[in-house]
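A single structure is presented below for examination.
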Amino acid sequence: MPVKVDQIVRSKRKTLALIVKPDGSLVVRAPLRVSEKSIREFIEHHAEWIKKKQAEALVALPPAPKQYVSGELFMYLGNAYPLEIVKGQKKPLLLEENFKLAESVRDHARLAFERWYRVQARQVLTERVNLYSSQYSFQYKRIGITSARTRWGSCSADGSLNFSWRLILTPIEAVDYVILHELVHTVFHNHSRKFWNKVETIMPDYKERRKWLRKNGQQLML
Ligand SMILES: [Zn+2]
């Protein structure tokens, strides 16, 4: 399914413009004579930009319960994808260019999303943890996935790492920051100067990434 356009406003302007409104809806401003096909091509050409802008809009909104209705935006790795309800789909939930929810599980949409996010979280987080551990010689015991709403990750005294599946909603830069933070805790079990020095040596821009989480994190709860 192509990008969903909420409104096309035609006027005497000369060029096409895309506007993502604060609620994430997409408005196209178009000259009077430009064809539907040209508008469609213009939108497809800017699909990535639209996803980014919609993600920014979404995280800036006050947290509200999800309705699980067609067109509603859901996050994955920092991008916003609209939901599509699909008849006759076998898998409960898929992510292609949109999130596709089987109509048969509509009443359990929240659960379908949580399961899907958990599977992705385990896969992506394991991969990134292994990447950072092998590159910077960290030793950890195991990875657990939690539903925590108040902390993205933790590291126990024995070197077990826990991450909230909700972390998978954030951009990969933020995911990597949380992973590195917990891995450095396998060496320094506190937030001492040595701890932060180690984080900064490996990830010089960690403050930016942490800032993103602090600013947007609370909006990402389902
Ligand atoms: Zn910490």
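Just the heavy atoms: all of them, side chains too, but no hydrogens, waters or symmetry mates, feed the values below. Counting starts at 1 for both ligands and their atoms, in listed order.
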When you measure from the Zn ion (ligand 1) to the N, O or S atoms of Cys155, does any of those distances fall below 2.8 Å? no

Ring-face cation contact, Phe188 with Lys198, 6.0 Å cut, 45° max: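 Negative - Lys198 is either too far from the ring of Phe188 or too far off its axis.
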
With heavy-atom distances below 4.5 Å as the criterion, would you say the side chains of Arg128 and Leu183 are in contact?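 Arg128 does not reach Leu183 side chain to side chain.
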
Does a side chain donor of either Arg40 or Ser35 reach within less than 3.5 Å of an acceptor in the other side chain? no

Name whichever N, O or S atom of His181 ends up nearest to the Zn ion (ligand 1).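 In His181, the heteroatom (N, O or S) nearest the Zn ion (ligand 1) is NE2.
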
How about Asp107 and Tyr68: does a side-chain donor come under 3.5 Å of a side-chain acceptor? no

The Zn ion (ligand 1) as vertex, arms to NE2 of His191 and NE2 of His185: angle to 10°?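 About 100°, to the nearest ten degrees.
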
